[in-house]
Amino acid sequence: MLMEVALCGQCHHRLFTQTSVSEPLRYACTVRNKGWLSAKDCRPAPLIRGHLLEEFVDEFVSEWFLQRFGDGAIFETVYDPGNGVPERIAEVQATRERLRADREAGLYDAADDSEWFRDRYAALGRELAALEAEPRRPPGTVQRPTGETVADRWETAVDVQARKEILLEFGVRVTLFPAGAPVRCVAGVLHGPERDPSGNP
């Protein structure tokens, strides 16, 4: 679950998993061993058994995350076609211009045609005035609430991978320091409460 979520407190790179025939899964910082210059001073590199760190995240980090973000509303980005007011205004204006052009060309000289023209032109004028009074909402992408909270999304996550994706989306990281580290924080990074997964203060 914790790949990409768990970071090394010494060099700040992500932790990798280690497995062997005789040892259970462990999370460890192996970046210095890979020869990365950015981790040349990463010693002692932190290492923890996988089940300890995963239990810590499943219990403590989950509790902290839901307390901090659980009530937040989930929004989705969707395409809004707009209300079509600008397009309708353009249509009405074009229709009026065509009627005026036809009138000037002498197409509505008969008495019954003239009456129809006046009624139609007046109706278009009223429609245009009503449209111009409406707010215009152009097409584009908008965000709208789904009715779901972060806690809902967390509880309905199908597996640990889905929950990991939620943590990554919110920028949540678990920083692991070696047992003897005198400082357990990263400068410039907002931290949640500190907790020793072994249960020690």
Side-chain angles (χ1 to χ4, degrees), residues 1-79 141-201:
M1 173 183 177
L2 297 179
M3 294 294 289
E4 300 179 61
V5 174
L7 304 180
C8 172
Q10 301 281 75
C11 67
H12 316 308
H13 292 289
R14 71 182 180 91
L15 300 183
F16 292 87
T17 55
Q18 292 181 334
T19 56
S20 67
V21 175
S22 59
E23 292 289 340
L25 180 141
R26 296 168 294 174
Y27 288 94
C29 181
T30 59
V31 176
R32 182 173 62 85
N33 296 337
K34 298 176 188 296
W36 293 18
L37 293 178
S38 57
K40 60 183 176 60
D41 298 322
C42 185
R43 64 177 70 185
L47 180 148
I48 189 172
R49 290 193 175 185
H51 75 276
L52 291 176
L53 190 56
E54 290 177 358
E55 287 172 5
F56 167 69
V57 170
D58 189 48
E59 296 174 10
F60 177 65
V61 175
S62 297
E63 178 185 355
W64 172 85
F65 176 75
L66 292 176
Q67 286 176 349
R68 186 174 182 85
F69 300 106
D71 292 335
I74 298 292
F75 285 74
E76 62 180 353
T77 301
V78 296
Y79 177 76
T141 57
V142 297
Q143 287 193 321
R144 67 183 182 192
T146 63
E148 185 181 28
T149 66
V150 174
D152 295 332
R153 179 73 57 86
W154 184 266
E155 294 301 327
T156 57
V158 295
D159 54 24
V160 293
Q161 177 64 28
R163 288 187 172 180
K164 184 186 85 169
E165 295 298 328
I166 296 173
L167 293 177
L168 290 173
E169 182 181 349
F170 279 82
V172 175
R173 299 294 185 272
V174 176
T175 306
L176 182 67
F177 293 87
V183 178
R184 293 173 178 264
C185 64
V186 180
V189 177
L190 179 65
H191 288 75
E194 182 181 324
R195 180 72 63 86
D196 185 338
S198 68
N200 296 325

Participant: Taking the side chain as every heavy atom from C-beta outward, state whether R173 and L168 have any atom pair closer than 4.5 Å.
Facilitator: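 They are in side-chain contact.
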Participant: Is it the case that the side chain of S20 and the backbone of E23 share a donor-acceptor pair, with hydrogens and angles ignored and the cut-off at 3.5 Å?
Facilitator: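 Looks like yes, one N/O pair under 3.5 Å.
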Participant: Is the backbone of V57 close enough, under 3.5 Å, to the side chain of S62 for a donor and an acceptor to pair up by distance?
Facilitator: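 Confirmed, S62 side chain pairs with V57 backbone.
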Participant: I need the minimum non-hydrogen distance between E155 and L66, along with the two atoms involved.
Facilitator: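 For E155 versus L66, the nearest heavy atoms are OE2-CD1, 3.9 Å.
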Participant: Do D71 and T149 make a side-chain contact, defined as non-hydrogen atoms from C-beta onward lying under 4.5 Å apart?
Facilitator: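 They are not in contact (no side-chain heavy atoms under 4.5 Å apart), so the answer is no.
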Participant: Taking the six-membered ring for Trp, is the centroid-to-centroid distance between F69 and W154 below 6.0 Å?
Facilitator: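 No - the distance between ring centres of F69 and W154 does not fall below the 6.0 Å cut-off.
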Participant: So do I166 and F170 actually touch side chain to side chain, heavy atoms under 4.5 Å?
Facilitator: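 With C-beta onward as the side chain, the pair touches.
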Participant: Can you give me the closest heavy-atom contact between T146 and F75, atom names plus distance?
Facilitator: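 What the structure gives for the nearest pair is CG2-C, 4.1 Å.
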Participant: Could you tell me whether the side chain of V174 reaches within less than 4.5 Å of the side chain of V61, counting heavy atoms only?
Facilitator: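 Side-chain contact under 4.5 Å: yes.
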Participant: Decide yes or no for L167 and K164: does some side-chain heavy atom of the first lie under 4.5 Å from some side-chain heavy atom of the second?
Facilitator: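 No, every pair of side-chain atoms sits at 4.5 Å or beyond.
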Participant: Under 3.5 Å, which donor-acceptor pairs link side chains of residues 34-49 to any protein atom two or more places apart or in another chain?
Facilitator:
from	atom 1	to	atom 2	distance (Å)
S38	OG	H13	NE2	2.7

Participant: Quick one, E63 and R68 - any side-chain contact, counting heavy atoms below 4.5 Å?
Facilitator: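 With C-beta onward as the side chain, the pair stays apart.
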